[in-house]
Amino acid sequence: MAAAEERAKLNQSVKKAITLLRATADDRNANVSSLARAAGLPRATALRMIQTLEQEGFLLRIPGDDRVLLGPELVRLARNTDEQLLLREVSRPIVSDLVATVRETVTLSVVAPDGGLDVVSQVDAPAQLRPQSWVGQRFPLHASASGKVLLATYDDERLGRFLAEPLARFTPSTITSAEELRAELGLVREQRYAVSRDEEEEGLSGLSTRIHGPGDELLGVLSLGGPTQRLDRQRGRRATEHLMRAAGEIESVLRRGRTPSTVLEVIGRAGG
């Protein structure tokens, strides 16, 4: 019993230390008193924890300055973190489960430095008839489900610049009208997923949804693709539910267990 109580105390200490770090990151003028209030600690207790974190390089107090800053060790660890690698590793088991459920090929794309979408991982469907490997490739944004997800995050000015260029036609189903694409993107924002049927290549369909980061930023795009004959509207609707649920699970892991309520709400509406 005593050991369990000791572990509980240690866990609370770790949580308080994390609270101090987060409060420091959120307040450029943080000091010992403000951090003590943020963590719900007596000032003396907060000071001892801050001193310990300072010794380990996670916090920094400048002589002659009352402020507390994030320390160099924390900055070093953050710089060594590959966000895309983390996303791929977190997604791996969830994507494998998704492929086993829907029996279609699933890809994960991330936003490249130049603003395009790069496919960084792919898990193939068990079916004999399946798409080729897309890893390292890019899709035209206006003619792919993943591209539409990215375009739906653009503000009016950025979207206007994109639409200033002609929209290439790949098949008779490709959207080449700026007005039609704007309407399509409005639907993507509303339903939180995108669909592409025979728009880049005849006989190939795709479904995509975004993966949000903790700050609601676009971290990646989760996509499901296969032959149009298999991804008909009824089967596509079921696949969309599974796809969005998988994206929600990835977000939940990245947010350390927070419930992705918006995604689950959309799944409920889609199922209805």
Side-chain angles (χ1 to χ4, degrees), residues 84 87-88 90-91 94-95 97-99 101-112 115-125 130-154 159 162 167 170-171 173-175 181-201 203-213 216-228 230-233 235-251 254 260 262-263 266-267 269-270:
Q84 293 184 5
L87 177 60
R88 290 199 297 269
V90 166
S91 303
I94 298 173
V95 167
D97 288 345
L98 175 62
V99 171
T101 299
V102 299
R103 302 184 69 79
E104 297 292 354
T105 296
V106 175
T107 62
L108 175 68
S109 302
V110 298
V111 182
L117 271 181
D118 288 338
V119 179
V120 295
S121 68
Q122 174 173 324
V123 178
D124 288 329
R130 63 191 182 209
Q132 62 181 2
S133 175
W134 289 320
V135 174
Q137 298 190 32
R138 289 189 171 184
F139 300 107
L141 298 185
H142 68 291
S144 61
S146 57
K148 292 176 189 177
V149 169
L150 176 61
L151 291 176
T153 68
Y154 285 10
L159 182 59
F162 175 83
L167 300 175
F170 301 98
T171 73
S173 300
T174 305
I175 296 175
L181 183 59
R182 285 184 183 275
E184 177 87 354
L185 297 179
L187 185 61
V188 172
R189 295 185 191 101
E190 178 183 344
Q191 63 191 13
R192 297 179 182 269
Y193 66 89
V195 179
S196 173
R197 286 191 176 90
D198 305 317
E199 294 177 38
E200 184 191 8
E201 181 180 336
L204 186 64
S205 291
L207 307 166
S208 295
T209 190
R210 65 180 283 187
I211 298 172
H212 302 74
D216 203 39
E217 72 278 15
L218 179 64
L219 280 186
V221 178
L222 193 63
S223 303
L224 181 155
T228 301
R230 282 207 308 260
L231 281 175
D232 57 23
R233 295 189 182 277
R235 193 166 184 271
R237 185 164 52 249
R238 292 196 300 268
T240 300
E241 294 176 9
H242 291 296
L243 180 73
M244 295 184 70
R245 191 176 299 279
E249 290 175 4
I250 294 169
E251 291 177 356
L254 292 172
T262 54
V263 173
V266 174
I267 290 173
R269 291 200 299 270

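Atom set for the values below is all heavy atoms of this structure, side chains included, hydrogens, waters and symmetry mates excluded. Throughout, numbering of the chain's residues begins at 1 and tracks the sequence.
With hydrogens and angles ignored, the 3.5 Å screen pairs no side-chain donor or acceptor of Thr107 with any backbone N or O of Ser121. Side-chain atoms of Glu251 come within 3.5 Å of backbone N or O of His212 as a donor-acceptor pair.
Applying the side chain to side chain contact (heavy atoms under 4.5 Å, CB included) criterion to Leu218, with sequence neighbours excluded, gives Val111, Leu150, Thr153, Arg210, Val221. Applying the side chain to side chain contact (heavy atoms under 4.5 Å, CB included) test to Ala194 and every residue at least two apart in sequence or in another chain returns Ala145, Lys148, Val149, Val188. With sequence neighbours excluded, the residues satisfying side chain to side chain contact (heavy atoms under 4.5 Å, CB included) with Ser91 are Leu87, Val95, Leu108, Ile250. Partners of Arg235 according to the side chain to side chain donor-acceptor pair (under 3.5 Å) rule, which considers only residues two or more places apart in sequence or in another chain, are Glu104. Considering only residues two or more places apart in sequence or on other chains, Ser109 meets the side chain to side chain donor-acceptor pair (under 3.5 Å) condition with none of them. Take Asp97 and apply the side chain to side chain contact (heavy atoms under 4.5 Å, CB included) test, not counting sequence neighbours, and it matches no residue.
A donor and an acceptor atom, one from each side chain of Ser146 and Ser208, are nowhere located under 3.5 Å apart.
Within the 4.5 Å cutoff, side-chain heavy atoms of Pro140 are placed close to those of Glu200. For the pair Leu151 and Leu181, the minimum side-chain heavy-atom distance is below 4.5 Å. The side-chain heavy atoms of Phe162 and Leu141, taken from C-beta on, include a pair separated by under 4.5 Å.
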